[in-house]
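Pasting a structure here, questions to come.
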Amino acid sequence: MLRQWNYLHSTPIFDGRSSRRHHSRPLWKLQLDSLLHRSGSVKPNEVRRFAQFLGFPRSGHSLVGALIDAHPSARISHELDAMGLFRAGMSYRSVARLIDQNASSFAANGRWWNGYSYAIDYDSEAESDETGPPLVIGDKKGDWAVRWCARTPGLLQRFLKSGVPKPLWLLVIRAPEDNIATMTLRRGGHYDRLRIQASLEGRSASESIAQAQSDGTLPTAVSDEMIDDYRSLCEGIAEMQRAIPQDDWLVIDYDAFTASPRQGLERIASFLGLEANERWLQAASAAVHPPGRSRTRTKLQWSESQKQAVRELRSRFDFLGDEEVTI
């Protein structure tokens with residue numbers, strides 16, 4: 001596949017606590033960035049596994065990705081959209097160096113995104129001097145990995161044959177109702193801006209969000225369009241599952257993971273072939289907090305037909321689980 005040098009790719013802007021925005025950059029500039037980053041910590045020929053997240057927006061990809069990235073033998077990029085780069089024709093070696101550059105920049109900016117900090121109190125850089133270059137790299141942009149593969153016939157097979165070392169897939173799942181509700185609220189960016197402003201002021205965003213719903217600047221009811229979008233992601237994931245060996249998949253239940261993070265981290269490390277060293281386990285586990293009692297699904301109104309639509313999704317796609325939740 002020929003490289004689309006003028007193709008515009010969306011990349012994140014890391015700006016400390018205010019981080020949430022992306023900007024579009026042509027592929028040739030990203031290729032130049034990759035070439036200038038050849039002295040980075042990732043040595044593409046020494047990487048053993050490529051961890052690609054799949055799934056839905058607001059499923060916990062950012063947290064799980066940051067926890068893996070904190071491991072001295074791993075680099076996981078944040079919002080890079082590696083699959084989009086492969087789709088545009090960028091080589092594995094170039095993508096690998098961009099993953100390293102992105103992950104380093106995200107960590108240097110306190111791992112802030114959309115009002116949250118995913119920082120881990122652990123100096124993996126110092127320990128990596130002893131363990132050597134990263135053996136696992138990957139990208140946490142799970143929803144767009146699914147979208148690109150669904151929209152681009154043959155992309156998955158091209159990716160598997162691109163020289164990427166041992167692709168492994170991580171599917172992070174949480175209650176569909178919470179995903180869909182948050183997808184509804186986040187449309188347009190106002191919800192994220194309110195949360196970032198609250199974070200900058202050191203307060204909860206709940207009051208601002210409630211006020212915005214009251215004055216009509218945020219929705220009060222679930223969007224049918226977001227249910228349709230969620231369904232299309234489910235269909236894309238199911239299609240990819242049929243093409244990929246079962247042993248190369250790891251399904252992570254976000255609620256179970258946050259309830260027992262150490263056990264979850266040990267499971268992830270085993271899947272990726274990483275050593276679950278004690279210092280990383282302790283620091284990463286300490287950064288995980290179970291979701292609060294207030295769930296996003298309760299902030300919006302649901303019609304009976306919308307509730308039924310989600311029940312049908314659960315029965316159709318077994319990776320969603322069959323445990324119904326209260327709305």
Worksheet item: Under a single-linkage definition using a 4.5 Å side-chain heavy-atom cutoff for Ile, Leu, Val, Met, Phe, Trp and Tyr, are Leu8 and Leu27 assigned to the same hydrophobic cluster?
Response: no

Fill in: Min side-chain heavy-atom separation Arg158-Phe86 under 4.5 Å
no

Discussion item. Applying a strict under-4.5 Å side-chain criterion to I, L, V, M, F, W and Y, I'd like to know whether Leu67 and Leu135 cluster together.
Written reply: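 In one cluster with Leu67: Leu135, no.
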
Worksheet entry | Spatial distance of atom CD1 (Ile99) from atom OG (Ser94) [nearest 0.5 Å] |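 Answer for the CD1-OG pair, Ile99 versus Ser94, is 11.0 Å.
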
Practice prompt. Check whether more than 12 heavy atoms from other residues, nucleotides or ligands sit under 6.0 Å from atom NZ of Lys307, and answer yes or no.
Written response: yes

Worksheet item: If every non-hydrogen atom of Leu281 is compared with every non-hydrogen atom of Ala276, which pair is closest and at what distance?
Response: CD1-O, 3.4 Å

Practice prompt. Look at the side-chain heavy atoms of Ile, Leu, Val, Met, Phe, Trp and Tyr, link any pair under 4.5 Å apart, and say whether Tyr122 and Phe106 land in one connected group.
Written response: yes

Worksheet item: Rest of the hydrophobic cluster containing Leu36 (Ile/Leu/Val/Met/Phe/Trp/Tyr, side-chain heavy atoms under 4.5 Å)?
Response: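 Members alongside Leu36: Leu32.
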
Item to complete: List for me each residue that meets side-chain contact (heavy atoms from CB on, under 4.5 Å) alongside Gln101, sequence neighbours excluded, and say none if there are none.
Response: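 Partners of Gln101 under the side-chain contact (heavy atoms from CB on, under 4.5 Å) test: Asp33, His37, Leu98.
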
Item to complete: Take Gln31 and Trp5, measure what side chain to side chain contact (heavy atoms under 4.5 Å, CB included) needs, and give me the verdict at the end.
Response: CA-CA 9 Å; Gln31 181 67 48; Trp5 290 120; 3.6 Å; yes

Discussion item. What's the separation between atom OG in Ser10 and atom NE2 in His23, rounded to the nearest 0.5 Å?
Written reply: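 Nearest 0.5 Å value for the OG-NE2 distance: 8.0 Å.
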
Worksheet item: Is it true that Arg97 and Asp100 have a side-chain N and a carboxylate O under 4.0 angstrom from each other?
Response: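 Judged by the 4.0 Å cut-off on N to carboxylate O distance, Arg97 and Asp100 do not form a salt bridge.
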
Worksheet entry | Heavy-atom donor-acceptor pair, Thr152 side chain to Cys149 backbone, under 3.5 Å |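 Here the side-chain-to-backbone pair does not exist.
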
Discussion item. Would you compute the distance between atom CD of Gln197 and atom OG of Ser18 and round it to the nearest 0.5 angstrom?
Written reply: 8.0 Å

Worksheet entry | Glu225, CD atom: more than 12 neighbouring heavy atoms under 6.0 Å | no

Discussion item. Do Pro176 and Arg314 have side chains that approach each other closer than 4.5 Å (heavy atoms only, starting at C-beta)?
Written reply: yes

Discussion item. Checking Trp148 now: which residues fulfil ring pair (Phe, Tyr, Trp, His ring centres under 6.0 Å) with it, not counting sequence neighbours?
Written reply: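 Once residues adjacent in sequence are excluded, the partners of Trp148 under the ring pair (Phe, Tyr, Trp, His ring centres under 6.0 Å) criterion are Trp144.
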
Fill in: Cationic N near anionic O, under 4.0 Å, Asp192 to Arg186
yes

Worksheet item: Is it true that the side chains of Thr11 and Arg25 contain a donor and an acceptor less than 3.5 Å apart?
Response: no

Worksheet entry | Donor-acceptor contact present, side-chain His78 to main-chain Ala107, <3.5 Å | no

Side-chain donor-acceptor distances from residues 256-266 under 3.5 Å, at least two apart:
{"from": "Thr258", "atom 1": "OG1", "to": "Tyr254", "atom 2": "O", "distance (Å)": "3.1"}
{"from": "Thr258", "atom 1": "OG1", "to": "Asp255", "atom 2": "O", "distance (Å)": "3.1"}
{"from": "Arg262", "atom 1": "NH1", "to": "Glu278", "atom 2": "OE2", "distance (Å)": "3.1"}
{"from": "Arg262", "atom 1": "NH2", "to": "Glu278", "atom 2": "OE1", "distance (Å)": "2.6"}
{"from": "Arg262", "atom 1": "NH2", "to": "Glu278", "atom 2": "OE2", "distance (Å)": "3.4"}

Worksheet item: salt bridge (charged side-chain N to carboxylate O under 4.0 Å, His left out) between Asp69 and Arg111: does it pass, once the steps are laid out?
Response: CA-CA 11 Å; Asp69 182 64; Arg111 292 193 170 98; 2.6 Å; yes

Worksheet item: Do the non-hydrogen side-chain atoms of Arg193 and Arg20 ever get within less than 4.5 Å of each other?
Response: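 Yes. Closest side-chain heavy atoms under 4.5 Å.
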
Item to complete: Report yes if the side chains of Arg231 and Arg316 come closer than 4.5 Å at any heavy-atom pair, otherwise no.
Response: yes

Discussion item. Could you check whether any side-chain N or O of Ser270 sits under 3.5 Å from a backbone N or O of Arg267, counting only pairs where one atom can act as donor and the other as acceptor?
Written reply: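 Between the backbone of Arg267 and the side chain of Ser270 there is no qualifying donor-acceptor contact (under 3.5 Å).
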
Worksheet item: When you look at CZ of Arg203, are more than 12 heavy atoms from neighbouring residues, nucleotides or ligands closer to it than 6.0 Å?
Response: yes

Worksheet item: Is Asp121 reaching over with its side chain to a backbone N or O of Ala283, donor-acceptor style, under 3.5 angstrom?
Response: no

Worksheet entry | Test item: Asp139 side-chain N/O and Phe53 main-chain N/O as donor-acceptor pair under 3.5 Å | no

Worksheet item: Ring centroid separation for Trp169 and Phe159, is it under 6.0 angstrom?
Response: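 Here the rings of Phe159 and Trp169 have centres that are less than 6.0 Å from each other.
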
Practice prompt. For the residue pair Val47 and Val42, establish whether any side-chain heavy-atom pair is separated by less than 4.5 Å.
Written response: yes

Discussion item. Same cluster or not: Met90 versus Leu160, using hydrophobic residues (I, L, V, M, F, W, Y) connected whenever any side-chain heavy atoms lie under 4.5 Å apart?
Written reply: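 Same cluster: Met90 reaches Leu160 through Ile, Leu, Val, Met, Phe, Trp or Tyr contacts under 4.5 Å.
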
Worksheet item: More than 12 non-hydrogen atoms from neighbouring residues, nucleotides or ligands closer than 6.0 Å to CG on Asp215, yes or no?
Response: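 Enclosed: over 12 neighbouring heavy atoms sit under 6.0 Å from CG of Asp215.
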
Item to complete: For Pro12 and Phe14, work out which heavy atoms get closest and say how close.
Response: CG-CZ, 3.6 Å

Worksheet item: Does the side chain of Asn102 come under 3.5 Å of the side chain of Arg75 through a donor N or O and an acceptor N or O?
Response: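 Their side chains do not contain a donor-acceptor pair, so the 3.5 Å distance test is not met.
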
Worksheet item: Any side-chain heavy-atom pair from Ile237 and Phe317 closer than 4.5 angstrom?
Response: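 The answer is no, as the side chains (C-beta and beyond) never meet within the 4.5 Å cut-off.
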
Worksheet item: Where do Leu300 and Gln213 land on the side chain to side chain contact (heavy atoms under 4.5 Å, CB included) test, with the steps shown first?
Response: CA-CA 9 Å; Leu300 296 174; Gln213 288 183 299; 3.5 Å; yes

Item to complete: Determine the minimum heavy-atom distance between Gly65 and Ile76, stating which atoms define it.
Response: O-CB, 3.6 Å

Worksheet item: Hey, does Thr184 have a side-chain heavy atom less than 4.5 Å from the side chain of Thr296?
Response: no

Practice prompt. In sequence, state the C-alpha distance, the side-chain angles, and the governing distance for Asp224 and Gln306, and then conclude on side chain to side chain contact (heavy atoms under 4.5 Å, CB included).
Written response: CA-CA 7 Å; Asp224 287 332; Gln306 289 173 333; 2.8 Å; yes

Discussion item. Quick check: closest heavy atoms across Val95 and Ala82, and the distance to 0.1 Å?
Written reply: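 Closest heavy-atom pair between Val95 and Ala82: CG1-CB, 4.0 Å.
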
Worksheet entry | Side chain Arg21, main chain Ser19, donor-acceptor under 3.5 Å |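 Not at all, since once roles are kept as given, no pair shorter than 3.5 Å links the two residues.
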
Item to complete: On the 0 to 90° scale, with breaks at 30° and 60°, tag the Tyr230-Phe56 ring pair as parallel, tilted or perpendicular.
Response: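 Parallel, since the angle between the ring planes stays under 30°.
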
Worksheet item: How are the rings of His22 and Trp113 set relative to one another: parallel (under 30°), tilted (30 to 60°) or perpendicular (over 60°)?
Response: perpendicular

Worksheet entry | Shortest non-hydrogen contact from Ala212 toward Leu194 | CB-CD1, 3.7 Å

Fill in: Check: Arg38 side chain, Leu35 main-chain N or O, donor-acceptor pair, under 3.5 Å
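Checked: pair present.
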
Discussion item. Has Ser117 got a side-chain atom pairing as donor or acceptor with Gly110's backbone, closer than 3.5 angstrom?
Written reply: yes

Practice prompt. Would you check if Leu54 and Phe319 make a side-chain contact, meaning some heavy-atom pair closer than 4.5 Å?
Written response: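 Answer no - side chains too far apart.
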
Fill in: Transitive ILVMFWY side-chain link Ile120 to Val288, under 4.5 Å
yes

Worksheet item: Under 4.0 Å between a Lys/Arg side-chain N and an Asp/Glu carboxylate O for Arg17 and Glu201?
Response: no

Worksheet item: Given Gln211 and Thr217, is the side chain to side chain contact (heavy atoms under 4.5 Å, CB included) satisfied, shown in steps?
Response: CA-CA 9 Å; Gln211 181 60 46; Thr217 56; over 6 Å; no

Discussion item. Please check this pair: side chain of Ser232 against backbone of Asp229, looking for a donor-acceptor N/O pair closer than 3.5 Å.
Written reply: yes

Worksheet item: Which pair of heavy atoms, one from Asp81 and one from His9, lies closest together, and at what distance?
Response: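 Looks like O-CE1, 3.2 Å.
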
Item to complete: List in chain and number order the residues that pass ring pair (Phe, Tyr, Trp, His ring centres under 6.0 Å) with Trp112, two or more places apart in sequence or in another chain; answer none if no residue qualifies.
Response: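 Residues passing ring pair (Phe, Tyr, Trp, His ring centres under 6.0 Å) with Trp112: none at all.
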
Worksheet item: In the hydrophobic clustering that connects Ile, Leu, Val, Met, Phe, Trp and Tyr at side-chain heavy-atom distances below 4.5 Å, which members other than Ile196 occupy its cluster, ordered by chain and number?
Response: Leu200

Worksheet item: Within the side chain of Tyr92, is there an N or O that forms a donor-acceptor pair under 3.5 Å with the backbone of Pro165?
Response: no

